[in-house]
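Sequence lines set the chain letters: A, B, ... in the order given, protein chains first and strands last, and positions in each chain run from 1.
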There are 2 protein chains.
Amino acid sequence: MPAIAPPDPRYSETQRRTIDAAMDLFAEHGVSGTSFQMIADAVGVTKAAIYHQFKTKDAIVLAVAEVGLSPLEDALAEAEQQPTPEAQRELLLTRVVELAVARRRWVNALQGDPVMIRLLGSHDPFVDLMARVYMVLMGIADDGPTERMRIAIISAAIGAAIVHPLVVDMDDDTVRTELLAVTRRLFDLPD
Amino acid sequence: MPAIAPPDPRYSETQRRTIDAAMDLFAEHGVSGTSFQMIADAVGVTKAAIYHQFKTKDAIVLAVAEVGLSPLEDALAEAEQQPTPEAQRELLLTRVVELAVARRRWVNALQGDPVMIRLLGSHDPFVDLMARVYMVLMGIADDGPTERMRIAIISAAIGAAIVHPLVVDMDDDTVRTELLAVTRRLFDLPD
DNA sequence: GTCTATATCGAGATAGAC
DNA sequence: GTCTATCTCGATATAGAC
């Protein structure tokens, strides 16, 4: 096992620089509010150089979504290997909270932006991924409105609370601890 | 007291048509993703006609925010008249949930869009309004991280959960009931 | 992989007639 | 209050040289 995580083989090093810059800009201005020029400026090259890496702006959005969601994929795979539904749910919840807090600024762009939502909703791999996430979070529970609302609130709360004005100036440790405590409580998990 | 709510005197009837159309479009495409032309088409007039009502696009965004937040202002004023902090909090929570669910599609645009967030954060009346809302929701509780996170989660959850994929096809009554139950529970209020 | 240069389109915005 | 016509700029995108 390598000491550091291997780079995502789906994209080259130069592409990753573009993706990282785009992620920052999407988080700050939204997808529609971010132009090719802004991305090129942030990377420090011209628009044409970016177009050499990605044929369209949609391709960049897709790449940002893929790279942004890949830690979630890993966490889900790890969780699904747990023996019981309870253990699966518990591990996934912990990982998701950790990931979300560590990458607060980006999570917002990924789950809140209308362009991103449309893309994620029309791209099967993303739909399947989220379906699996919700399945694990639901666990053995029934599929009634109460349980569905509970999952929705927990998912939404994690994504939206971490960028809330009341929370932006809190350090990651505190946010992670408090968020985990509240979500565990919503799941009726022991403290 | 009139049988129907009086129209907001801040804007004319034609302006209200524009604001309503813009609200729909902002909710669907985001502020940056909505052009003047799209608004004009939705209203059924030309761009120039819209420019006669609002000097800039920012003015429309501001108007949408003002009209969108005015029910919240009313609810807050009503809540602040309650005798005890507990009663204030309880009434505001109930009203906010009702409002949010009734206007689900728009709440998302108001609280999630980067342009809107920037506007709301730089416009004193909005900052003051939200400060008052948080003050009532905090109630007599301390200002520690646990309580701040709790308010952030509840606020975020209300805004984000109502548009969550798991919830979009649920009827308003169910969403309101379940959301109220969960948020009341987070506040340690009796069922 | 990056550049300059250019094409094309739609954006926000204004002028002036009706 | 709405229209047609127009301006200017920045957006996505492409061609072809280095």
Side-chain angles (χ1 to χ4, degrees), chain A residues 7-65 67 109 113-116 118-119 122-123, chain B residues 7-67 109 113-119 122-123:
Chain A
D8 193 318
R10 284 174 295 191
Y11 298 103
S12 68
E13 263 306 304
T14 44
Q15 281 178 319
R16 279 304 301 262
R17 275 197 293 274
T18 301
I19 291 170
D20 289 346
M23 247 181 167
D24 280 339
L25 290 165
F26 289 171
E28 195 174 347
H29 307 283
V31 176
S32 290
T34 302
S35 71
F36 242 93
Q37 187 64 62
M38 292 163 76
I39 297 173
D41 288 347
V43 177
V45 296
T46 61
K47 279 189 295 180
I50 305 292
Y51 271 106
H52 182 259
Q53 301 164 13
F54 298 95
K55 273 193 275 291
T56 64
K57 188 182 174 182
D58 272 2
I60 298 184
V61 180
L62 185 67
V64 167
V67 171
D113 191 281
V115 177
M116 199 63 86
R118 226 181 289 269
L119 175 75
S122 65
H123 204 69
Chain B
D8 193 319
R10 284 175 295 192
Y11 299 104
S12 69
E13 264 306 305
T14 43
Q15 282 178 318
R16 280 304 303 261
R17 276 197 293 274
T18 301
I19 292 169
D20 290 345
M23 249 181 168
D24 281 339
L25 290 165
F26 289 170
E28 195 174 346
H29 307 283
V31 176
S32 290
T34 302
S35 72
F36 240 93
Q37 187 64 63
M38 291 163 76
I39 298 173
D41 288 347
V43 178
V45 296
T46 61
K47 278 192 295 180
I50 305 291
Y51 271 105
H52 183 260
Q53 302 165 13
F54 298 95
K55 272 193 277 291
T56 63
K57 188 182 173 182
D58 273 2
I60 298 184
V61 180
L62 185 68
V64 166
E66 279 180 351
V67 172
D113 190 281
V115 177
M116 200 63 88
I117 289 172
R118 227 181 287 271
L119 175 76
S122 66
H123 205 70

Closest approach to the side chain of [X], judged atom by atom: which nucleotide of [options] is it?
X     : options               : answer
A/S12 : C/dG1, D/dA13, D/dT2  : C/dG1
A/H52 : D/dT12, C/dG1, C/dC3  : C/dG1
A/R17 : C/dT2, D/dC3, C/dG12  : C/dT2
B/A48 : C/dT4, D/dA13, C/dA15 : C/dA15
B/S35 : C/dA11, D/dT14, D/dT2 : C/dA11
A/K47 : D/dC3, D/dT12, C/dC3  : D/dT12
A/K57 : C/dA13, D/dT12, C/dT2 : D/dT12

Nearest-Å distance for atom pair [atom1]/[atom2], residues [X] and [N]:
X     : N      : atom1 : atom2 : result
B/Y51 : C/dA17 : OH    : P     : 21 Å
B/I50 : C/dA11 : CD1   : P     : 14 Å
B/Q53 : D/dC3  : CD    : P     : 10 Å
A/Q37 : C/dT6  : CD    : P     : 17 Å
A/H29 : D/dG10 : NE2   : C1'   : 15 Å
A/I60 : D/dA11 : CD1   : C1'   : 13 Å
A/F54 : C/dG1  : CZ    : C1'   : 13 Å

Expected output: side-chain A/K57 to main-chain A/V31 donor-acceptor under 3.5 Å: yes
B/E66 side chain to B/A63 backbone, donor-acceptor under 3.5 Å: no
[X] near the nucleic acid: base, sugar-phosphate alone, or nothing, with a heavy-atom cut-off under 4.0 Å?
X     : result
B/T18 : nothing
B/F36 : sugar-phosphate
B/T46 : base

Phosphate-side-chain proximity, B/Q15 and D/dG1, N/O vs OP1/OP2 below 4.0 Å: no
Contact nearer the 5' end of DNA chain D, comparing A/K55 with A/M38: A/M38
Point-to-point distance, once rounded to the nearest 0.5 Å, from CZ of A/R118 to CD of B/E28: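 With rounding to 0.5 Å, CZ (A/R118) is 5.5 Å from CD (B/E28).
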Validation row: B/Q53, B/R16 side chains within 4.5 angstrom (heavy atoms): no
Aromatic plane relationship, A/F36 with A/Y51 - under 30° parallel, 30 to 60° tilted, over 60° perpendicular: parallel
